[in-house]
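The structure appears below as structure tokens.
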Protein chains: 2
Amino acid sequence: MRAPTDRQPAPETRDRILDAAEALFVEHGFEATSMRMITGQAGANIAAVNYHFGTKDALIQEVFRRRLTELNRRRLAALDRLEAEAGGAPLKPSRIVQAFFGTALEMAADTTNGGHTFMRLLGRTYTEPNGFVRQFLAEEYAEAVERFLAALYRALPDVPRDEILWRFHFMMGAMSYAIAGTDALQLFAGQFDDADPERLMPRLMSFLLGGLRAPLPGAENNGEEPAGPAKRGARTAARKD
Amino acid sequence: MRAPTDRQPAPETRDRILDAAEALFVEHGFEATSMRMITGQAGANIAAVNYHFGTKDALIQEVFRRRLTELNRRRLAALDRLEAEAGGAPLKPSRIVQAFFGTALEMAADTTNGGHTFMRLLGRTYTEPNGFVRQFLAEEYAEAVERFLAALYRALPDVPRDEILWRFHFMMGAMSYAIAGTDALQLFAGQFDDADPERLMPRLMSFLLGGLRAPLPGAENNGEEPAGPAKRGARTAARKD
DNA sequence: CCATGAATCAAACGATTGTTTTAATCATAC
DNA sequence: GTATGATTAAAACAATCGTTTGATTCATGG
């Protein structure tokens, strides 16, 4: 009676709990969301969580696992497709970025199946203090990050790998805010006249690619004293497309 | 006996509590940090927090207030300086970005006075679910955001304001990850060979400016099908420097 | 029709939460 | 030295936390 059957899809209580937990985690965070809030919203008994998942931490993990596995599967499928088309040649950075971040944005645009809810949760979880959540995320992401970084290294052989790594990191931050911030961050109160999610994708893509292809630091033409307009021949990271 | 004196700087217990709370909030988050953990690390009695601050929420607010007021004061001072130098002319976008994000990175580089600790906390708090924290942040930021956005609008008159707003938003995301991620995000496990904080500033600045000046979306040369390398005359957001 | 095991239920578990109370201690001014 | 008010201290407050228990319901196959 300890472990529920795992060959059957399980009726529905289990899924209702996952959905409720996902929504409540977004709204209140992990710690501030109690088991009673979850089971209450799911219309289940308080003991149902421990019965189906064992512990609260295990529930959190499962909330992430079911979506994250799918997200990274799609990402890797998109990358596979690109590499198959290219036939051994290095990929265009813009395509790589599109495959990784565009796929995430597509999931975030799905408001009917909970994808939107989850992506908001995911965005704020990258920086979550909770230790075991971070480690779990790292494991789930390991393969995808490794392959996409390798693709970027190949695509930008002249850019130092440290630089690519950092910029990939920056891009993840921008994407997280893009998703989480649409409704979460009211720092720019009343300023978002146009929060059309339709336009978010091209907006973010332009920004990400601009950052990725920015002139490398160290070249003294950047940042501090950029004397005149648009120096020609400025040292640039990526002009592969 | 209810309200402590507010004309005296107060001895030190109050500050020890703030420092302990700041450090513990970074490590565990707000909810997972108990009053007993705070007072324990501060070497104070459990009742000291409620005596000095009234409530846990008020303590959280004070942790942010004391640093955030200073940070935004410096930001606005830097902007004042730029505008004084320019004498009425629009500013260079790179200078504006430097004044806003560079000032934050400088505070994050201060590892001796808790600035580093706080900036890590701040970065992950922008997306905090906790309602009253977000509202408090919005109020503390209102003036600085308003003035910097206005400066960017003037600096980039040809760029739609919505676009500037979004890119400012993206930049905040990238910066948050830049600070919080150095130690928090181990997603790229073992990959950060060069996490030298000295180099973080120019790296982030290059990325932010690249994103800010990226070609605007909508122009069909961007993102999806960028046929050839580096189209000349591509529509670009900002080439003021 | 009954046996079997999964699923649900109400109720309680001990532990920990933020906060309060009441008394003791401390410093300072008269 | 004694009064005054700020600070600290120990102890307890009710409330809520995640989890467990043991009984009951339900579905299914022999």
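Model, not experiment: these values are computed from the prediction. First the proteins, then the strands, lettered A, B, ... as listed; each starts at 1.
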(message) Check the phosphate of dG18(D) against T55(A), side-chain N and O only, distance under 4.0 Å to OP1 or OP2. Yes or no?
(response) no
(request) Taking side-chain contact (heavy atoms from CB on, under 4.5 Å) as the test, write out the residues that go with Q41(B), two or more places apart. (result) A20(B), A23(B), L24(B)
(request) List in chain and number order the residues that pass side chain to side chain donor-acceptor pair (under 3.5 Å) with E163(B), two or more places apart in sequence or in another chain; answer none if no residue qualifies. (result) R203(A)
(request) Could you walk me through whether R75(A) and Y141(A) pass the side chain to side chain donor-acceptor pair (under 3.5 Å) test, one step at a time? (result) CA-CA 11 Å; R75(A) 280 169 162 162; Y141(A) 258 99; 3.0 Å; yes
(request) Find the distance N50(A):CG to dA11(C):C1' and express it as a whole number of Å. (result) 14 Å
(message) Rounded to whole Å, how long is the line connecting atom NE2 of H52(B) with atom P of dT20(C)?
(response) 15 Å
(request) For DNA chain D, find the residues of residues 56-67 of chain A with a heavy-atom distance under 4.0 Å and give them by number; none if there aren't any. (result) K56(A)
(message) Under a 4.0 Å threshold between the charged nitrogen and the carboxylate oxygen, would R73(B) count as salt-bridged to E70(B)?
(response) yes
(message) Going by side-chain contact (heavy atoms from CB on, under 4.5 Å), name the residues that satisfy it together with R147(A), two or more places apart in sequence or in a different chain.
(response) L76(A), L79(A), D80(A), E83(A)
(message) Going by side-chain contact (heavy atoms from CB on, under 4.5 Å), name the residues that satisfy it together with R36(B), two or more places apart in sequence or in a different chain.
(response) S34(B), I46(B)
(message) Measure CZ/F30(A) against P/dC17(D) and give the value in whole Å, please.
(response) 17 Å
(request) Under the ring pair (Phe, Tyr, Trp, His ring centres under 6.0 Å) rule, collect the residues that match up with F136(A), sequence neighbours excluded. (result) none
(message) Can you measure R14(B) atom CZ to dT8(D) atom P for me and round it to whole angstrom units?
(response) 12 Å
(request) Apply side chain to side chain donor-acceptor pair (under 3.5 Å) to T112(A) and list each qualifying residue two or more places apart in sequence or on a separate chain. (result) D110(A)
(message) Without decimals, in angstroms, what is the distance between F53(A) CZ and dT19(D) C1'?
(response) 16 Å
(message) What is the distance, to the nearest angstrom, from the OH atom on Y51(A) to the C1' atom on dG22(D)?
(response) 15 Å
(request) Take the protein atom CZ of R16(A) and the nucleotide atom P of dA7(C), then report the distance between them rounded to whole Å. (result) 13 Å
(message) Counting only side-chain nitrogens and oxygens, does T13(A) get under 4.0 Å of the OP1 or OP2 atom of dT8(C)?
(response) yes
(request) Could you tell me which residues satisfy side chain to side chain donor-acceptor pair (under 3.5 Å) with N50(B), sequence neighbours excluded, listed by chain and number? (result) none
(request) With a 4.0 Å heavy-atom cut-off, tell me which residues in residues 31-48 of chain A come close to DNA chain D, sorted by residue number. (result) T33(A), S34(A), M35(A), R36(A), I46(A), A47(A)
